[in-house]
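Quick notes on the structure that follows.
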Amino acid sequence: MANFAKPGGPRFSVDVYQNEYLPEGGREVNAIVTVTAKGGGTPAGPAAPAAVVLMVDCSGSMDYPPTKMRNAREATAAAVDTLRDGTHFGIVDGTHVAREVYPGGGRLAVADPTTRAQAKQALRRLGAGGGTAIGTWLRLADRLLAGADVSIRHGILLTDGRNEHESAAELKDALDACAGRFTCDARGVGTDWEVKEVTGIASALLGTADIVADPARLTEDFTRIMESTMGKEVADVALRVWTPVGTRIKFMKQVAPTVEELTDRRTEAGPRAGDYPTGSWGDESRDYHLCVEVPAAGLGQEMLAARVSLVAAQPDREVQNLGAQGLVRAVWTDDMAASTSLNSQVAHYTGQAELAQAIREGLDLRKAGDMDGATAKLGRAVQLAGVSGNADTAKLLAKVVDVVDAPTGTVRLKAKVAEADEMTLETRSTKTVRVKK
């Protein structure tokens, strides 16, 4: 383990959990890399300069029922109240076009008692009408955030409907343009939105996604999001992985607190090194699963399979090495007990990743009318949730299937499932529980 303290910010550490022993001819090395940041700012203490843009869906469907729009206004006002003094912020009205609600003029306001009061006054004028083109909201947020001289740039996006007024390609282009420029949490309110759209936005912009089925819960959720944002200390942190000649990275994925595939997001960072983006950090810990293919070697030989370190892009875009690093090793042995023992961390998170996949595939099969296939997949999900101790996911699964026997994964699909329950399971399918270390 190595650690590093950024002046005025959190201390980063990297821990590697693996079974380094391989049998003769073995080539696959798996490791869980735990990254922890401690001692940084909190909403009440020192924190990095930040800018936040809140994007509020104001399409016509937000008027059904009328309380939904009122709840959205109240939640946004609560988020504004949670802003730390000195934070740059703005509010965007999202329909088939994007419009600045506050402060306007292509700029952001700086949070203080006066600007917070002005923003809340402007929110009272928000009404519902028009369509939905989320890409335009994101592009406007990007332009506003780009003008702020800060290190943390973040968006909060709320929608209640499908992105019907622009193509999927247009939304993807907007996400590609915004990726790496700011992070974004996305929320779907009610049950008339598309789960894959909302989770796709959050995934592309390294944020969180969730459902707020009851609009009355929006204020609580928005306040929690903003408190988390105000606690961020270091932006644009990346896992830099160096591997020796002859090795190949098979995959890199985040596995806690959620499953997030990072393999295809690699950017080259010098000879045999690549960076995998992780977004902004405050006081928190996350786990990553790294799988490396190494050259075959003889018994008794050992090698460094990978070196994992942390880097961060600074406001001037220069890359700062955060110092923390961990080593992944490979040792070839004829000790069968050593080489066939699966590390408990790796085993746990392999099961968690399979759990998320089984839920997604099961729900897709259910929607497609393949009830036998859906039953098999969701039964496997119930089994995995029980083995790993993922009680929250087990409870969500029990609203979609009747559990006959959890240890064997024997289930029956429920004849009637509330739409909110199915969407909640799908949206939260990637949430994991951490293994006890």
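Numbers for residues simply follow the sequence, beginning at 1.
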Given the rule in the side-chain hydrogen bond (donor to acceptor under 3.5 Å, both in side chains) test, do Asp287 and Thr34 qualify, once you have shown the distances and angles that lead to the verdict?
-> CA-CA 4 Å; Asp287 292 338; Thr34 296; 2.7 Å; yes

Whether Arg187 side chain and Thr208 backbone form a donor-acceptor pair below 3.5 Å | yes

Evaluate side-chain hydrogen bond (donor to acceptor under 3.5 Å, both in side chains) for Thr430 paired with Thr258, printing each intermediate quantity in order.
-> CA-CA 5 Å; Thr430 60; Thr258 59; 4.8 Å; no

Below 4.0 angstrom, N of the basic side chain to O of the carboxylate: do Glu426 and Lys367 qualify?
-> yes

Compile the donor-acceptor pairs under 3.5 Å between side chains in residues 100-112 and protein atoms, sequence neighbours left out, one pair per line.
from   : atom 1 : to     : atom 2 : distance (Å)
Glu100 : OE1    : Gly105 : N      : 3.4
Glu100 : OE1    : Gly106 : N      : 2.9
Glu100 : OE2    : Gly106 : N      : 3.2
Tyr102 : OH     : Gln118 : OE1    : 2.6
Asp112 : OD1    : Thr114 : N      : 2.9
Asp112 : OD1    : Thr115 : N      : 2.8
Asp112 : OD1    : Thr115 : OG1    : 3.1

Side-chain polar contacts of residues 135-142 - donor-acceptor pairs under 3.5 angstrom, sequence neighbours left out - could you list them?
from   : atom 1 : to     : atom 2 : distance (Å)
Thr136 : OG1    : Ala133 : O      : 2.7
Trp137 : NE1    : Thr95  : O      : 2.8
Trp137 : NE1    : Ala133 : O      : 3.2
Asp142 : OD1    : Arg181 : NE     : 2.8
Asp142 : OD1    : Arg181 : NH2    : 3.4
Asp142 : OD2    : Arg181 : NE     : 2.9

Donor-acceptor side-chain pairing of Asp149 and His88 below 3.5 angstrom = no

Between Asp57 and Lys68, is the closest basic N to carboxylate O distance under 4.0 Å?
-> no

Passes side-chain hydrogen bond (donor to acceptor under 3.5 Å, both in side chains), Ser203 versus Arg265? Steps please.
-> CA-CA 11 Å; Ser203 177; Arg265 302 189 191 189; 2.8 Å; yes

Does the pair Arg11/Glu233 count as a salt bridge with the N-to-O cut at 4.0 Å?
-> no

Residue pair Met371 / Leu413: nearest heavy atoms and the distance that separates them = SD-CD1, 3.5 Å

Evaluate side-chain hydrogen bond (donor to acceptor under 3.5 Å, both in side chains) for Arg360 paired with Gln357, printing each intermediate quantity in order.
-> CA-CA 5 Å; Arg360 289 194 302 271; Gln357 183 176 352; 5.4 Å; no

Check the angle between the aromatic planes of His165 and His96 and answer parallel, tilted or perpendicular using the 30° and 60° thresholds.
-> tilted

Closest non-hydrogen atoms of Val433 and Ser388, given as atom of the first, atom of the second and distance, are CG2-O, 3.6 Å

Taking NZ, NE, NH1 and NH2 as the nitrogens, is one of them in Lys172 or Glu170 under 4.0 Å from a carboxylate oxygen of the other?
-> no

Taking every heavy atom of Ala358 against every heavy atom of Ala381, the minimum-distance pair comes out as CB-CB, 4.1 Å

Hey, is Asp85 close enough to Arg116 for a salt bridge, meaning N to O under 4.0 Å?
-> yes

Salt bridge flag under 4.0 Å for residues Asp192 and Arg162 = no

